[in-house]
Amino acid sequence: MSPQDKSVSILLIYTGGTIGMIENQETGALEAFDFQHLQKRIPELKELGCHIVCEQFDPPMDSSDMGPDSWMKIVRLIAENYHAYDGFVILHGTDTMAFTASALSFMLENLDKPVILTGSQLPIGMLRTDGKENLITAIEIAAAKENGQPAVPEVCIFFENNLLRGNRTTKTSADNFKAFYSYNYPLLGQAGISIKYDRAAIYRPVSRRLLKPHYLLDRNVAILKLFPGIPPQVVESILHIPDLKGVVMETFGSGNAPSESWFINQVKEAVDRGIVVVNVTQCQAGNVEMHRYETGRRLLEAGVISGFDSTTECAVTKLMFLLGHGLSLPEIKEHLNCSLIGEVTIPSGLPR
Ligand code: ASP
């Protein structure tokens, strides 16, 4: 797009988080900002030249309180306004932004417009805020066109100059402005003097289809993070949570776990009860290869499914999504063994 193209419309959805807060001069407390006054607060937005409309969660939410209901609310807002806008920017708390981005990537099937999540470490009203930069550039990215088509037609996180695939991203810092990283997938773009896109890395729908919003999610999932010395009763109680249907197991290195028989038996017994167990690594980078070590191979034999190079955030939301659609176990396994929307790298050859 030319930045002055007034025919481009962006829907800005303010869900909450630090970005939208201002400091109350009297009390010093952070309070939610009224986004109706956004243009007044950030006059630079006018220079972008595009038509911006705001929708606001009322009340705005700290992202620690967000989950399937709020994701559905965002999906509904996007679906109901899909044809009226060229792109969508979601202002979101940083704490669980990677979960929301992952969930939206599955819930917005056939997406062919940009959905860019951003937020900030410092409120937009503060002098050193990173929020203004993040917001302005996120809008530019959501409005960007190349040959008349959206430049980035996928769910992304834009933060501190980096454009990242949403379902590949993790929050890595609680205080640095560079707070997000995608260890197993390249940046989709970088903002410097100009915004440079890595066209080869950006997902493009093969054919144009109608947006299919999904609202079915099953939250009967758990994360089981292994640690040396994990007591049998911890594993047992997690795997026996009533109504549990899926577990994301965070393992060591390339997908390894204790080889003691009590542990393998517990996991196998859970799999036999129909619980889907997905193996992701606790390492930030790299992937699960269960056949590589004996300690991993035992999990494979117990029926554990590889999460490949998935983030935990992505594995949890993918499980909620697949379980929510009432698929059979073989169907769920099949969907976990493939990339639905660029969320995992599937190696050629044997499934890991
Ligand atoms: N607690 C805030 C949230 O995630 C932090 C932030 O926005 O950065 O909503």
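All values below were derived from every heavy atom in this structure, side-chain atoms included, with hydrogens, water molecules and symmetry-related copies excluded. One-based numbering, in listed order, for ligands and for the atoms of each. Counting begins at 1 with the first residue of the sequence. Bear in mind the structure is a predicted one, so any value in this text is a computation, not a measurement.
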Given side chain to side chain donor-acceptor pair (under 3.5 Å), test Ser105 with Asn167 step by step and report yes or no. CA-CA 7 Å; Ser105 75; Asn167 58 28; 3.1 Å; yes
Distance under 4.0 Å, heavy atoms only, partner ligand 1: which residues pass? Gly17, Thr18, Asp62, Ser63, Gly93, Thr94, Asp95, Ser120
In sequence, state the C-alpha distance, the side-chain angles, and the governing distance for Arg165 and Glu154, and then conclude on salt bridge (Lys or Arg N to Asp or Glu O under 4.0 Å). CA-CA 8 Å; Arg165 173 166 294 164; Glu154 55 171 300; 2.8 Å; yes
Kindly say whether the aromatic ring centers of His214 and Phe321 come within a distance under 6.0 Å. yes
Please determine whether a side-chain nitrogen of the Lys or Arg among Lys132 and Glu44 lies less than 4.0 Å from a carboxylate oxygen of the Asp or Glu. yes
Under the salt bridge (charged side-chain N to carboxylate O under 4.0 Å, His left out) definition, can you give me all pairs with a residue in residues 69-93, not counting sequence neighbours? Asp86-Lys145
Ion pair present between Arg204 and Asp112, side-chain N to carboxylate O less than 4.0 angstrom? no
